Amino acid sequence: QKGFFQRIVQNIGFYGLIVVAWMATTIAWHPASWSNPASWLIAAIQYLSRHAWFKNVLFNGDYIRAADVPWTYLPVWFGITTPLIFGLLFVAGLVLAAVRFRQLSTLQRAALVLVLLQIFALPLVAILRNSTIYDGLRQFSFVLPGIAAIATVGLVWLYQMLPKLPYKLAGATFVAIALGAIVVDMVHLYPYEYTYFNRAFGGLPAAHNRFETDYWGLSVKESVTWLNSHAKPGDTLVVGTPYQATLISLNSDISLRELEYDYKEMVVIQDRPAIPRPFYFLAIPKHRLFNVFNECELIHQVERQTVPLSTIRYCQ
C-alpha cells in the first residue's frame, strides 16, 4: 500500500501534465473561450455539472424524462450499440488484465488504470448522481476508444494463448468474419453509421420505435435535397427539428416554417394559428414527430435497413 501511494506522489507531475493538456486542447477547440480562457473553462465546467434538459427520450419503447432515465440507460446503450465482437474481447481483456496485473510493469499498470478511469469513472458518476442523460451515448462517446483499447489487448492475449498455428488461424478467421459483418452494416447505413445497433440486439430494425435512431436528424439534408427537386417555388415546408439544418439546405424559393410544437409534452401547440394548406411536412422520429400530421400523404422517406430516418408528408 505504501509503495503504491508513493508511486502516485512521484508521478503527480505526469497526471498534472495530462490535466494541463486536456485544458489546453479544450480551449483550443472552442474559439468562444479565447477572450478569457480561465473564466470560460470554469463557467463551462459549472454549467455542465448541473446541465438540465427537460425533454423526453425514447428508451426501450417508452418515453421518459431525460432527468428520470433509469440507471440502466447507459449500460443498455453500450450493450446494444457496441459490436458484439468488441464487447466479448473487452470482457476478455478485463479478465486477463486482472489476472496478469501483478506481471505488468509500472508503466503498463499506470496506462491500464488511466484507460479504466476513462471507461468507467464519468459514466459511474453520471449514474450515481442521476444526471440528465439523453441521445444515447452521445455524451459518453469518449468511452469508446478505451473499450477498443482493452478489446485489442484481449485479442492479442487470447491469440498468444492459442497453442498451435491451426487454432490461431481459426481464431483470426473468426475475428475477420465478425469484423466483416460490421463493415457490411456500415456500408448499408452510410452515411448514418451512428444509427448502428449490433446484430446480437437485432440491428437498426430492432431499435425502431424502441430507441433513438437518427436523433441528430442527419438524414434531414437528404430529405431536403429530394424536396428541392420536387417542390415548386413558393411552396411551404414545415419542420419540427432540426430547423437550422433544414434552412441551410433548402432552396431559397421554398418558404420554411417551424412547427409550433411542445417538445416536452410532445404535442402540437393548439393555441397557435393553423398552418395554411397545402404544405410539406418534414419529420424525424425523435419526440414522436412521425405522428404529427400522420393523416397527410407520405410522399418520401429516407430509410436504412427498412427503417425510416426522416419522412416528408404532403398536407392539402
Side-chain angles (χ1 to χ4, degrees), residues 4 7 11 14-15 18 21-22 25 72-127 136-207 211 304-305:
F4 176 76
R7 284 194 292 270
N11 292 284
F14 294 103
Y15 293 115
I18 293 172
W22 164 76
T25 303
T72 56
Y73 186 87
L74 284 178
V76 167
W77 266 96
F78 277 111
I80 64 180
T81 59
T82 303
L84 181 60
I85 184 64
F86 281 89
L88 294 175
L89 290 174
F90 173 69
V91 173
L94 288 179
V95 173
L96 290 172
V99 172
R100 299 188 176 188
F101 188 78
R102 293 184 177 275
Q103 303 172 17
L104 301 178
S105 67
T106 301
L107 179 60
Q108 289 173 326
R109 292 182 184 182
L112 176 62
V113 169
L114 287 175
V115 173
L116 292 178
L117 286 174
Q118 176 185 342
I119 296 172
F120 292 107
L122 289 181
L124 185 59
V125 170
I127 291 173
L137 298 180
R138 181 178 69 83
Q139 299 158 300
F140 296 88
S141 57
F142 60 84
V143 171
L144 299 177
I147 291 177
I150 298 296
T152 302
V153 171
L155 173 63
V156 172
W157 279 346
L158 288 174
Y159 183 80
Q160 292 174 343
M161 290 169 61
L162 294 175
K164 298 180 180 179
L165 181 60
Y167 294 105
K168 294 181 183 290
L169 291 176
T173 301
F174 171 77
V175 172
I177 292 174
L179 295 178
I182 300 172
V183 172
V184 170
D185 287 335
M186 293 296 110
V187 171
H188 288 163
L189 294 173
Y190 176 84
Y192 314 117
E193 295 92 342
Y194 87 113
T195 62
Y196 171 85
F197 292 82
N198 63 47
R199 295 195 174 199
F201 172 67
L204 181 58
F211 293 90
R304 291 295 185 273
Q305 297 181 343

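Starting from 1, each residue takes its place in the sequence as its number. A quick note: this is a predicted structure, and the numbers were derived from the prediction, not measured.
Here the side chain of Gln160 pairs no donor or acceptor atom with the backbone of Trp157 at under 3.5 angstrom. Proximity of a side-chain donor or acceptor of Lys168 to a complementary backbone N or O of Pro163 within less than 3.5 Å is not detected. Of the possible polar contacts, none joining the Arg304 side chain to the Tyr192 backbone as a donor-acceptor pair under 3.5 Å is found. Side-chain atoms of Asn198 come within 3.5 Å of backbone N or O of Gly79 as a donor-acceptor pair. Judged purely by atom type and a 3.5 angstrom limit, Tyr159 has no side-chain atom pairing as donor or acceptor with the backbone of Gly154.
Under the salt bridge (charged side-chain N to carboxylate O under 4.0 Å, His left out) criterion, Arg100 pairs with no residue, sequence neighbours left out. Checked against side-chain contact (heavy atoms from CB on, under 4.5 Å), Ala151 has the following partners two or more places apart in sequence or in another chain: Phe86, Leu89, Phe90. Arg109 meets the salt bridge (charged side-chain N to carboxylate O under 4.0 Å, His left out) test with no other residue; sequence neighbours excluded.
Taking CG of Leu162 as the reference point, atom CG of Leu169 lies at 10.0 Å (rounded to 0.5 Å). Once rounded to the nearest 0.5 Å, the distance linking CG of Leu144 with CD of Gln118 reads 9.5 Å.
Counting heavy atoms from C-beta outward, Leu189 and Gln305 have side chains that approach closer than 4.5 Å. Counting heavy atoms from C-beta on, the side chains of Leu84 and Arg199 never come closer than 4.5 Å. Using a 4.5 Å heavy-atom cutoff, the side chains of Tyr196 and Glu193 are not in contact. Using a 4.5 Å cut-off on side-chain heavy atoms (C-beta onward), Leu114 and Tyr15 make contact. Counting only heavy atoms from C-beta outward, the side chains of Val153 and Leu96 never approach each other to under 4.5 Å. A heavy-atom distance below 4.5 Å is found between the side chains of Ile85 and Ile182. At a threshold of 4.5 Å between non-hydrogen side-chain atoms, the residues Leu122 and Phe142 count as touching. With a 4.5 Å cut-off on side-chain heavy atoms, Phe78 and Ile147 count as touching.
Minimum interatomic distance between Val143 and Pro123 (heavy atoms only, all atoms of both residues): CG2-CG, 3.8 Å. Summarising the geometry of Ala97 relative to Leu112, their closest heavy-atom pair is CB-CD2, 3.9 Å, with the distance given to 0.1 Å. Residues Leu158 and Ala92 come closest through the heavy atom pair CD1-CB, 3.8 Å. In terms of heavy-atom proximity, Leu74 sits nearest to Phe140 at CD2-CD1, 3.6 Å.
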**Prompt:** After noting the C-alpha distance and the side-chain angles of Phe211 and Tyr73, does the key distance pass the ring pair (Phe, Tyr, Trp, His ring centres under 6.0 Å) rule?
**Reply:** CA-CA 11 Å; Phe211 293 90; Tyr73 186 87; 8.2 Å; no
**Asked** Between Leu94 and Leu116, is a side chain to side chain contact (heavy atoms under 4.5 Å, CB included) present by the stated rule, with each step listed?
**Response** CA-CA 9 Å; Leu94 288 179; Leu116 292 178; 3.6 Å; yes
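Within 6.0 Å of CZ on Phe174 lie no more than 12 heavy atoms contributed by other residues, nucleotides or ligands.
Aromatic pair Trp77/Phe201: ring centres not closer than 6.0 Å.
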